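The first residue in the sequence is number 1, and the count goes up from there. Note that the structure is a prediction, hence the values are computed from the model and not measured.
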Amino acid sequence: MTPGAPPGIGTSTILRGRHHGPKWAGYSRTIHYEISGAGRIDYQYCNNTTEGTHGDPHHVVKILTIDLGSH
């Protein structure tokens with residue numbers, strides 16, 4: 001519900017480095033979300049994108065990777 005804020009369960013980190021920068025205009029840097037020791041999800045979000053068929057401004061989260069293996 002709030003991709004730019006720290007999660008209520010688990011932890012998140014904004015990843016550093018050029019290859020973790022926004023992949024689309026207006027999106028965040030890559031955020032690495034730890035799923036309570038079970039894995040991780042890397043995602044980027046935008047709070048005001050007009051992507052889609054209707055072109056209306058809305059929130060979007062794009063998941064880049066899901067890794068359920070050990071670190």
Enquirer: So, taking the atom named CZ in R40 and the one named CG in L68, what distance separates them when rounded to the nearest 0.5 Å?
Expert: 10.5 Å
Enquirer: To the nearest 0.5 Å, how far apart are CD1 in I63 and CD1 in I41?
Expert: 5.5 Å
Enquirer: H20: what forms a side-chain contact (heavy atoms from CB on, under 4.5 Å) with it, not counting sequence neighbours?
Expert: L15, R29, T30
Enquirer: Using the rule side-chain hydrogen bond (donor to acceptor under 3.5 Å, both in side chains), only one of D67, T11, T65, D42 pairs with H32; which is it?
Expert: D42
Enquirer: Listing request: all ring pair (Phe, Tyr, Trp, His ring centres under 6.0 Å) pairs with a residue in residues 42-61, at least two apart in sequence or in separate chains.
Expert: none
Enquirer: Excluding sequence neighbours, so at least two apart, what forms side-chain contact (heavy atoms from CB on, under 4.5 Å) with S12?
Expert: P7, I31, Y33
Enquirer: Please go through Y27's hydrophobic cluster and name the other residues, only I, L, V, M, F, W, Y counting, with side-chain heavy atoms under 4.5 Å joining them.
Expert: W24, V60, L64
Enquirer: Can you sort out the partners of K62 under side chain to side chain donor-acceptor pair (under 3.5 Å), two or more places apart, ordered by chain and number?
Expert: E51
Enquirer: List for me each residue that meets side-chain contact (heavy atoms from CB on, under 4.5 Å) alongside P6, sequence neighbours excluded, and say none if there are none.
Expert: none
